[in-house]
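Every chain is numbered from 1, with letters handed out A, B, ... down the list of sequences.
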Protein chains: 2
Amino acid sequence: MEKRKRWSLEDVHQYLSEHDIRISLYRLKIFEYLINERTHPTAEEIYNKLKKEIPSLSPATVYNTLRFFLEKKIVQLVNVEKNEARYDATLSWHGHLKCLSCGRVFDIHIENLKLSGLEGFQVYEKHLDLRGLCPGCAKIKNIKEVEYD
Amino acid sequence: MEKRKRWSLEDVHQYLSEHDIRISLYRLKIFEYLINERTHPTAEEIYNKLKKEIPSLSPATVYNTLRFFLEKKIVQLVNVEKNEARYDATLSWHGHLKCLSCGRVFDIHIENLKLSGLEGFQVYEKHLDLRGLCPGCAKIKNIKEVEYD
DNA sequence: TCTAAATTTATAATGAATATAATTTCGAAG
DNA sequence: CTTCGAAATTATATTCATTATAAATTTAGA
Ligand SMILES: [Mn+2]
Ligand SMILES: [Mn+2]
Ligand SMILES: [Zn+2]
Ligand SMILES: [Zn+2]
């Protein structure tokens with residue numbers, strides 16, 4: 001995975017403007033968090049992180065802003081866990097794996113996907129969601145299994 | 001798509017027994033509905049359909065039973081729409097497309113899927129979820145677009 | 001048939017997300 | 001730089017699918 005440059009607030013400002021989105025401190029910080037952390041956070045996680053540096057932030061703003069970003073199509077919804085909406089500012093085609101042990105959501109590279117029987121359908125969105133264990137958690141689990149053999 | 005034989009209640013009875021699931025009228029009818037209708041219904045849709053012939057049925061039973069079927073791994077969760085849990089008794093590997101116009105969920109045949117970078121991961125579940133328009137709704141939409149050219 | 005355990009029911013509770021209405025902030029015009 | 005209407009944000013109430021609880025009923029084996 002290539003190393004990406006962190007986005008400055010100025011980068012975010014320009015990106016939002018290019019997408020006809022009015023600027024506010026909250027929108028800048030929320031998008032900056034999504035694009036630089038890339039952890040697929042929930043609204044609550046974003047709120048808890050950002051309220052430390054912006055105590056005036058309200059949870060409703062985070063929910064509203066994320067919904068607005070979805071409408072503007074600058075973020076995508078990651079729905080790998082029922083009743084847990086996560087958000088991703090990376091729009092390129094990739095899948096997600098949620099580790100059922102540590103809860104983290106990882107990006108998965110898709111080499112190839114071939115579907116059939118889609119004649120007549122119009123496809124607007126594709127989501128590939130996996131559930132399992134990340135390498136760290138899988139290793140721990142294997143060690144535990146050996147211990148109790 | 002091949003034509004499948006409808007399952008009788010006796011078929012369902014045997015199938016549940018084989019999976020170490022105690023029999024009850026509700027479990028039989030809920031599983032029969034899933035396996036014969038194959039519409040990927042929500043709990044509410046199942047409840048509304050079945051209460052007509054079984055007025056004593058309660059919504060809690062439908063929710064409990066579906067959760068129990070998930071634990072027993074005889075149904076899978078279809079999560080193509082946020083906050084709308086749908087259930088599928090077909091366990092073979094296939095994807096789903098939700099029509100954003102009529103709301104129906106269609107099975108999609110997956111010819112091929114190749115992922116990379118999964119070294120060290122353990123994958124327990126894979127879900128491919130599409131959103132778009134079914135052929136009927138896409139046709140209507142195209143007609144409307146021509147009308148207003 | 002009898003009995004303990006499992007299932008089902010009615011009801012209350014939960015919790016993420018949305019709606020509402022008042023307040024604050026943004027940003028373009030002057 | 002100031003002004004001012006529109007848009008964004010806030011606190012709060014509300015929604016709604018789902019889960020928890022505890023009592024009643026049903027199941028399945030002895
Ligand atoms: Mn991602
Ligand atoms: Mn299906
Ligand atoms: Zn993990
Ligand atoms: Zn349709």
Inset, instruction - Determine, for nucleotides 15-30 of chain D in 5'-to-3' order, which nucleotides have protein heavy atoms under 4.0 Å from the base (write B), from only the sugar-phosphate (write S), or from neither (write -). - result: --SBB-------BS--
Inset, instruction - Go through the side-chain N and O atoms of A/Gln14 and A/Glu18 and say whether any donor and acceptor fall under 3.5 Å apart. - result: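 The answer is yes; a qualifying pair exists.
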Legend entry - salt bridge (charged side-chain N to carboxylate O under 4.0 Å, His left out) against A/Arg86, all qualifying residues, sequence neighbours excluded: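 Salt bridge (charged side-chain N to carboxylate O under 4.0 Å, His left out) list for A/Arg86, sorted by chain: A/Glu45, A/Glu84.
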Legend entry - Any residue meeting salt bridge (charged side-chain N to carboxylate O under 4.0 Å, His left out) with A/Glu81, in chain and number order, not counting sequence neighbours: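 A/Glu81 satisfies salt bridge (charged side-chain N to carboxylate O under 4.0 Å, His left out) with A/Lys98, A/Arg131 only.
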d([atom1], [X]; [atom2], [N]) in whole Å:
X: A/Leu57; N: D/dA8; atom1: CG; atom2: P; result: 16 Å
X: A/Leu16; N: D/dA7; atom1: CG; atom2: P; result: 17 Å
X: A/Leu70; N: C/dA17; atom1: CG; atom2: P; result: 11 Å
X: A/Asp20; N: D/dA8; atom1: CG; atom2: C1'; result: 17 Å
X: B/Ile54; N: C/dT8; atom1: CD1; atom2: P; result: 11 Å
X: A/Tyr26; N: C/dC26; atom1: OH; atom2: C1'; result: 12 Å

Legend entry - B/Tyr26: partners by ring pair (Phe, Tyr, Trp, His ring centres under 6.0 Å), with sequence neighbours left out: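 Ring pair (Phe, Tyr, Trp, His ring centres under 6.0 Å) list for B/Tyr26, sorted by chain: empty.
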Legend entry - Residues in side chain to side chain contact (heavy atoms under 4.5 Å, CB included) contact with A/Lys52, at least two apart in sequence or another chain: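 Side chain to side chain contact (heavy atoms under 4.5 Å, CB included) check on A/Lys52 returns A/Lys49.
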Give the table of side-chain donor-acceptor pairs shorter than 3.5 Å for residues 65-78 of chain A, with sequence neighbours excluded, one pair per line with atom names and distance.
residue	atom	partner	partner atom	Å
A/Thr65	OG1	A/Thr61	O	2.6
A/Arg67	NH2	A/Asn64	OD1	3.1
A/Gln76	NE2	A/Thr90	O	2.9

